[in-house]
Amino acid sequence: MAERELAKGYEPHDVEKRWYAEWESKGYFRAAPRSDREPYSIVIPPPNVTGALHMGHALNNTLQDILCRWKRMSGYNVLWMPGTDHAGIATQNVVERQLAAEGKDRHALGRETFIERVWQWKGESGGQIIGQLKRLGASCDWERERFTMDEGLSRAVREVFVRLYDEGLIYRDNRLINWCPRCHTALSDIEVEHEEKTGHLWHLRYPVVGSDRYLVVATTRPETMLGDTAVAVNPADDRYRGLVGGQVLLPLVNRMIPIIADDYVDMEFGTGVVKITPAHDFNDFEVGKRHGLDRINIFDESGVINAAGRQYEGLDRFAARKKVVEDLAEQELLEKIQDHPLALGGCYRCKTVVEPYMSMQWYVKVAPLAEPALAAVREGKTRIVPQQWENTYYDWMENIRDWCISRQIWWGHRIPAWFCDHCGEITVAKEDPASCAFCGSAGIHQETDVLDTWFSSALWPFSTMGWPDRTPELETFYPTSCLVTGFDILFFWVARMMMMGLHFMGEVPFREVYIHALVRDAQGQKMSKSKGNVIDPLTVIDQYGTDAFRFTLAAFAAQGRDIKLAEERIAGYRNFANKVWNAARFALLNLEGFAPDAVSREELNLAEGDKWILHRLNETAREVAEALAAYRFNDAAGALYRFTWSEFCDWYVELSKKDLYGDDPERKLVAQHTLWYTLEHLLRLLHPFMPFITEEIWQALPKQGPTGAIHESPASIMQASYPEYRSDHSFPEAATNMERVMEVIGCIRNIRGEMEVPPGREIAVLLSCGSDTSLTLMKHHEGSIMALARVSDLAIGRGLERHGDAALQVAGDVEILVPLKGLVDVEEEEKRLTKEIAKFDKDIDFLAKKLENPSFVERAPADVVAREREKLAEFANKKRLLEESLVKIGRLR
RNA sequence: GGGCGAAUAGCUCAGCUGGGAGAGCGCCAGCCUUACAAGCUGGAUGUCACAGGUUCGAUCCCUGUUUCGCCCACCA
């Protein structure tokens, strides 16, 4: 018996809410720390606590959920580890903005109060994204949810820091770093985003001391001249040879600075003279080091000119630029200004132009860590899919520079280092020390800097599983099976997890990395708030339902290409969900009184149509499994879409009506069984992609009773097994036969359509078969042909007399004749025949030429040649029949 | 300056290891056929960016060109 009736159309909202709550409360998402089942594990890329679900998250988590649900149904002990990232700078910014709105700032609050305030914010409005992931259907093991700043993870962070420090892999240094003058913190190299802008090249005149010459320097940043400590030329440059060793008078500040020679200077560029500002330019810093130049820092931490900038003190860097240029112009020291393209570096959090800035920072020495991380991918211990990304990974790892890990903000893991006021030594320890480890003085104070957010996320695959303790989780689930992520964090996150995982666990953090595309808008633009082209996943879910949305994402997730998301496509897959829904309604209507456990499939006398759909279902199961195993989500979705709509709904449902509505109880039972079996398996195949609708329908389907041995019946489709290919469901002969029958039906429909015979009008058809095999086959499927092609009078025979007044189509060796009398006019049929003949002519011409070519016949594989010959013969035969028909029809005029 | 990717129907895109190209939407025609009009049936539409090469045969492999997109990079 059907459990309950389904509503007329699929209404996702209530269904989604109901089933998610059920799954979660029943603990279906839970992983077993120990189990006989094979483990499968994925750690979620932890979204920022400040985050709201965007398209990137939606895609990323849909794909992970598909994998997890698929593996879970396939019998694996699945752990999908969820959590969020404290997102240092981003979160601090959010709370600072709040404070600003209240007219406060963090310095007024003080560090401790501020951090309390951030925790409070996190408790109240942080992590809303978790709820949004649930709406997406994510089957994470929520009881294990972690946060990068929670106690366990903080312990892991300290452990790692101390060990790396003890190994000499963490050090401090005073050098140029990327500084965000708005966030007031250092940034690592990859936290700077370069953008092509058109700037200017200012040509400035520096008077040569003891001469009336000028040296003209070209610069993109004239204001930094306040900190110049030399000008440089190429040693091979004849133009300036005599001047090297001399001095110029730095304008405005009237300082004498040397003229030096350095290979770094490109003679071709600009004037061949470069101003050297070691404290504000990475190249100049290096030059300065080689020549022992002073480093004059002219900025404060907000990018405002300091006392070293004399009369410019207090001016913002951009204001200072304007003023410096004006003043130089006034003194006729500005030679010219050219437009000049340049790549401006901006803070990845706030887009402010970053400043190269001298400061003392903490670094990780990465080369020794990168080595094994490179080797692991080269040796295939971790496989990156699509493989092309391996090159990007290698390239970055091979040229990796030390990682600046200290940040001058408050929200984050405070660096576990204590400075001694007495002896000046640094004590680094896991537990807060009471005294200096070197001199024993109690006068110590902790480093105020915190760690880069990515430092803690680098540990995510093992810190979430309880490291540094040796836990059953680590033993079972590390290395994780797969990491699903976007390429935008390949360096930030993936590469660093590889380094840390190998170093601390001695084993790669994941066996495979699947890198998916970026979701763009329909025009291919990156979605961004400023462009206003953002599509909110939650709005989409509200409008079309989660399942339709998920299916759309999967269907678009082709490897190596970005996803341009157009809303019409989601509507298309909403229609698909509705199609599934209605197929289920049809099934339930016709499964009245059917109990799966009352029949054993082995005893059933399957009809050819039954065998065909079972065969196709089986093939589809194989295709889906193969596609998922290769992360070809679009292929898996496509196979399911085609099977569901074009085979199950379009053909099987129609074929089955004859028996379902008929009065032969045996035929009816067989049809019911196949209908039930196919739908039930189809739902399971679809479940990872469309979890909600499949559960809703599945629950309404008739279940096996207590005696049944046919089929397991767990409480949820989530726990049902994922259909696998089975050799006893392979019916290739039935499949071929059905395809022939379908072709004949297609031919009749084509005549009807082309002749514009209304669907309501039943017609007479003659099938003239060229062989006994065809005759038997057509006779066998007489009923189906009549029903599906709307034929009232079907005559089937061998070599039936063809009268002139019939429309003709040919399918294999079967001629399909539709008497025209009273149906259509002769001219229409003549037109149709002429069109068909022309089509064949083209094909025949092509094939004939090919087969006349001796080198093709000699060199192409025999089976290819044979196939082409067969095609040619078939086409020629069809053409002949059509031509005969045309002649006969012509006589009727 | 290096590297990667893309160019296929009006639009958005599939097309795995070479044997004359597919889907969805849109379009045209006909249908309220008792699961579904968010549907059914039929139909039209392509010098697979360009130029060479390899091959019996190229959308697919190779070379070059053009146009877009992305990543990396310290030329002031």
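The structure displayed is predicted, hence computed values, not measured ones. Just so it is clear: chains get the letters A, B, ... in the order the sequence lines come, proteins before strands, and each one is counted from 1.
- Salt bridge status for R205(A) with E335(A): present, with a side-chain N to carboxylate O gap under 4.0 Å.
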Under the rule of Watson-Crick or G-U wobble with both distances under 3.5 Å, where | means paired to another strand and [ ] a crossing pair, RNA chain B maps to (((((((..((((.....[..)))).(((((.......))))).....(((((..]....))))))))))))....
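- Side-chain rings of W645(A) and Y641(A) approach one another, their centers coming within less than 6.0 Å.
- Using bins of under 30°, 30° to 60° and over 60° for the plane-to-plane angle, the ring pair F633(A)/Y631(A) lands in the tilted bin.
- Judged by distance alone, the side chains of N234(A) and D266(A) never bring a donor and an acceptor atom under 3.5 Å apart.
- Between C31(B) and C50(B), the two P atoms lie 42 Å apart (nearest whole Å).
- In this entry the distance linking NZ of K831(A) with P of A29(B) reads 15 Å, nearest Å.
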Produce the list of close N/O pairs, under 3.5 Å, pairing protein atoms with atoms of nucleotides 17-22 of chain B; give distances to one decimal.
| residue | atom | partner | partner atom | Å |
| --- | --- | --- | --- | --- |
| G20(B) | OP2 | K871(A) | NZ | 3.4 |

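- Using cut-offs of 30° and 60° on the angle between ring planes, the pair Y661(A) and F586(A) is perpendicular.
- Screening V231(A), I259(A), T271(A) for a side-chain contact (heavy atoms from CB on, under 4.5 Å) involving Y240(A) leaves a single residue, T271(A).
- Closest approach of L176(A) and P278(A) over heavy atoms only: CD1-O, 3.7 Å.
- What separates CD of E858(A) from C1' of G57(B) is a distance of 14 Å, to the nearest Å.
- The nearest whole Å value for the distance from the CD1 atom in I763(A) to the P atom in G42(B) is 13 Å.
- Rounded to the nearest Å, the gap between the P atom of C32(B) and that of G15(B) is 40 Å.
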Summary of protein contacts for nucleotides 32-41 of chain B, nucleotide by nucleotide, where a base hit scores B, a sugar-phosphate-only hit scores S (4.0 Å, heavy atoms): -B-BB-BSSS
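- The gap from the P atom of G1(B) to that of A76(B) amounts to 13 Å, rounded to the nearest Å.
- At a threshold of 4.0 Å, the pair K275(A)-D228(A) counts as salt-bridged, since one of the basic side-chain nitrogens sits closer than that to a carboxylate oxygen.
- A side-chain donor-acceptor contact under 3.5 Å links S656(A) to the backbone of V653(A).
- A straight line from CG of N399(A) to C1' of G3(B) spans 11 Å, rounded to a whole angstrom.
- Separation of the P atoms belonging to C70(B) and G53(B) is 35 Å when rounded to the nearest angstrom.
- As rounded to the nearest Å, G5(B) and C16(B) have P atoms that lie 16 Å from one another.
- A distance of about 12 Å separates the P atoms of A23(B) and A44(B), rounded to the whole Å.
- In this structure, D663(A) places its CG atom where only 12 or fewer heavy-atom neighbours from other residues, nucleotides or ligands lie under 6.0 Å away.
- In this view, E762(A) satisfies the salt bridge (charged side-chain N to carboxylate O under 4.0 Å, His left out) rule with no residue, not counting sequence neighbours.
- If you take CG of N391(A) and P of C4(B), they are 7 Å apart, rounded to a whole angstrom.
- The distance between atom CZ of R752(A) and atom C1' of G43(B), rounded to the nearest whole Å, is 16 Å.
- For Q387(A) and G3(B), the CD to P distance is 19 Å, given to the nearest whole Å.
- Between the P atoms of G19(B) and U66(B), the separation comes to 30 Å (whole Å).
- Of the residues near RNA chain B, R569(A) and S855(A), the one whose nearest nucleotide (by heavy atom distance) lies more toward the 5' end is R569(A).
- Under a cut-off of 6.0 angstrom, the local environment of CD in Q338(A) is crowded, with over 12 non-hydrogen atoms contributed by other residues, nucleotides or ligands.
- Just one of N575(A), L682(A), T694(A), T644(A) meets the side-chain contact (heavy atoms from CB on, under 4.5 Å) condition when paired with V580(A); it is T644(A).
- For the C1' atoms, the distance linking U33(B) with G42(B) amounts to 15 Å, nearest Å.
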Letter per nucleotide, 5' to 3', of nucleotides 70-76 of chain B [B base touched, S only sugar-phosphate touched, - untouched; heavy atoms, 4.0 Å]: S-SBBBB
Name the atoms and distances for all side-chain donor-acceptor pairs under 3.5 Å in residues 859-872 of chain A, with sequence neighbours left out.
| residue | atom | partner | partner atom | Å |
| --- | --- | --- | --- | --- |
| E868(A) | OE1 | K871(A) | NZ | 3.2 |
| E868(A) | OE2 | K850(A) | NZ | 2.9 |

